[in-house]
Amino acid sequence: MSEKKHLTLAAAVLALATLLSRCAGLIRDVVIAAFFGAGYGADAFFMAFTLPNLLRRFFAEGSLTAAFVPTFSAVRQQQGEAQAHHVACQCWGLLLLVMALVTAVGILLAPMVVPLVAAGFGTVAGKLELTVRLTQLMFPYLFFVSLLALVTGILNVYGHYFVPALSPVMLNAAMILAALLFSSRMAVPIEALAWGVVVGGLLQLGMSLPLLRRYGVRLRPGWDWRNPAVVRITRLMLPGVVGVAIYQINVVVTRLLSSFLAEGSLSYLYYSQRLFEFPQGIFVVSIAQAVLPSLSRHAVADDRSALLDDLRYGLSLILLITLPAAAGLLLCAKPLFSLLFMQGAFDAKAVHQTALALMAYAPGLVFVGLSRVLVPVFYARQNTRTPVWISFWTLLVNAIAGLLLMRGYGHVGLALALTLSALFNALALGWVLRRQLGPLGLRPLFWLGVKASGAAAGMAFVVFWLLQQGDWLAGQTWRNGLVLLGAVGSGGLAYLLLCRLLGVALVRDLGMLLRRRRPAGR
């Protein structure tokens, strides 16, 4: 199978699994909105989830995966399966110990740390105390999901993507059931969600761990932490942790600033970011995750030409997908929240405010997508320090822009600040990568972007006209659902047709790849 076909199929499998998990996540958010709305309890829960979620990125999806996958792939390729399995066991033992300590320390220090990131909650009686309690309840989730990240990295190197990408369904299902079955039975209803998070994390790990046996991998805790590969992974993780930390501090800064705004502001940002992350998780993360093992192989072989070819292909896919997705989010923000969320405690005001935030987030989807494909090139070359410095400057851009924009635009200004910082991050990564590798051959991407933008503009006209047929102040009606479904479907078909008319060869090539035919040269 050709490299591009492998990448496309891997990304497609990841996208399918992620689509299913994101749909479950959307149902989860609709349930949370209906039960808890956008106010006291919801604000406390979303803020409480910040710390364990933040550390999950430190130790799991960000630094661990970025350091482990290239190293594990290199050991397997150069030293064989037995040594690769040995390295995996040593990492498993080290991770078990480290995450147990981090989880225990997190629970103990929550009363001191939470007031620092939720300072504005102190003005509302009991809100800060509730946030501390929820944080302590959810910290064990970090332990389970960090172990899951190592298992996922191993499975991805062996070419297995579907089940690990589908595992978040278990988290979402646990939270949904907790809200439906247990929230009314608890003295503090929102605590049911916290317990759902912990149970969901355990189920995620339990769903993926048995798959390792299929590839002959049996994870037994090892203590040979001086193994050269383990030392290399640890060294690569340290700057990676700092880089992910800086990125996640962006989220913390946004939530800290939002805690000083009107009540509900943090919830508006959370719900809008969740819809923003829907296409991001399905397409952007899937493409980035699929391309990393391939980039790592080329980096080990010192094949610069193949590495840049995969980079250009990944960036092309990102542009082709995120440009129409960003336009769709911008146009469908209010209809989406009206149709999916406006019920129970989530009223018309919440729909309007969350829609405004999503419209400010939407353009950032393109820049986040480009960054998520550029960063793995640094990781594949075992350079985790450069993205750290870029992340640091990105943090400053976000903080300064957030402080300036929140004064006049409230929570919408904070969403816009994240979009501006995402633009800065993508430009900085591309500039530095060009300085390190020389010309990247990105001129065809420029013309692809121009054509895809033209097609997205035509799509937007179709979607905008069709959306005028709905009554979005009416909330959830079958007619609004049909209008939105028709607008999205017609817009998607219009985009593909316009891409073909404008000569976007990648659309034709993707069809050939997925039909297992050899693509025409681009």
Side-chain angles (χ1 to χ4, degrees), residues 22-23 25-34 36-39 42-43 46 251 254-255 257-258 261-282 322-366 368 402 405-406 408-420 422 456 459-477 479-488 491:
R22 291 287 173 171
C23 287
L26 182 60
I27 295 171
R28 179 197 77 188
D29 290 334
V30 169
V31 170
I32 293 175
F36 305 106
D43 280 357
F46 297 141
V251 178
T254 299
R255 293 187 178 181
L257 294 176
S258 69
L261 297 174
E263 185 162 275
S265 294
L266 193 151
S267 296
Y268 302 146
L269 289 170
Y270 171 82
Y271 289 123
S272 58
Q273 193 167 35
R274 289 292 298 170
L275 277 188
F276 172 78
E277 290 174 351
F278 194 86
Q280 180 186 344
I282 295 172
T322 58
L323 284 169
L329 288 177
L330 192 66
L331 290 169
C332 298
K334 186 173 182 179
L336 280 169
F337 282 110
S338 172
L339 182 66
L340 298 175
F341 286 81
M342 196 162 79
Q343 59 178 318
F346 203 89
D347 56 17
K349 176 187 175 183
V351 167
H352 179 68
Q353 297 297 337
T354 48
L356 289 176
L358 181 57
M359 293 171 72
Y361 277 133
L365 183 64
V366 179
V368 170
L405 293 172
M406 69 181 283
Y409 302 98
H411 69 284
V412 179
L414 295 178
L416 185 58
L418 278 173
T419 295
L420 295 175
M459 178 208 76
F461 177 80
V462 173
V463 172
F464 178 79
W465 182 80
L466 289 173
L467 289 178
Q468 303 311 303
Q469 314 309 309
D471 180 8
W472 306 111
L473 293 178
Q476 297 178 322
T477 68
R479 185 175 183 276
N480 281 346
L482 291 177
V483 169
L484 183 58
L485 186 62
V488 172

Rounded to the nearest 0.5 Å, what separates atom [atom1] in [X] from atom [atom2] in [Y]?
X: Gln273; Y: Phe46; atom1: CD; atom2: CZ; value: 11.5 Å
X: Leu336; Y: Leu358; atom1: CG; atom2: CG; value: 7.5 Å
X: Ile32; Y: Ile27; atom1: CD1; atom2: CD1; value: 12.0 Å
X: Arg28; Y: Cys23; atom1: CZ; atom2: SG; value: 13.0 Å

Legend entry - Any residue meeting ring pair (Phe, Tyr, Trp, His ring centres under 6.0 Å) with Tyr361, in chain and number order, not counting sequence neighbours: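 With neighbours one apart ignored, the set is Phe276.
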Minimum heavy-atom distance [X]-[Y], with the two atoms named:
X: Leu466; Y: Gly486; result: CD1-O, 3.9 Å
X: Ala326; Y: Leu365; result: N-CD2, 3.8 Å
X: Ala357; Y: Val412; result: N-CG2, 4.3 Å
X: Leu261; Y: Gly410; result: CD1-C, 3.6 Å
X: Arg479; Y: Gln469; result: NH1-O, 2.5 Å
X: Gly402; Y: Leu257; result: C-CD1, 4.2 Å

Are the side chains of [Y] and [X] in contact, using a 4.5 Å heavy-atom criterion?
X: His411; Y: Ser258; answer: no
X: Leu405; Y: Leu414; answer: no
X: Val488; Y: Val463; answer: no
X: His352; Y: Lys349; answer: no
X: Pro279; Y: Thr322; answer: no

Inset, instruction - Quick one: do Asp29 and Tyr270 satisfy side-chain contact (heavy atoms from CB on, under 4.5 Å)? Show the steps, please. - result: CA-CA 10 Å; Asp29 290 334; Tyr270 171 82; 3.4 Å; yes
Inset, instruction - Examine distances only and state if a side-chain atom of Asn480 and a backbone atom of Leu339 form a donor-acceptor pair shorter than 3.5 Å. - result: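 Answer holds: no.
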Inset, instruction - Give a yes or no answer on whether the side chain of Ser272 reaches the backbone of Tyr268 with a donor-acceptor pair at less than 3.5 Å. - result: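 Yes.
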For [X], what residues pass the side chain to side chain contact (heavy atoms under 4.5 Å, CB included) criterion, not counting sequence neighbours?
X: Phe464; answer: Leu331, Gln468
X: Leu26; answer: Leu275, Phe278, Leu340, Phe341
X: Pro363; answer: Thr419
X: Ala355; answer: Ala333, Lys334, Phe337

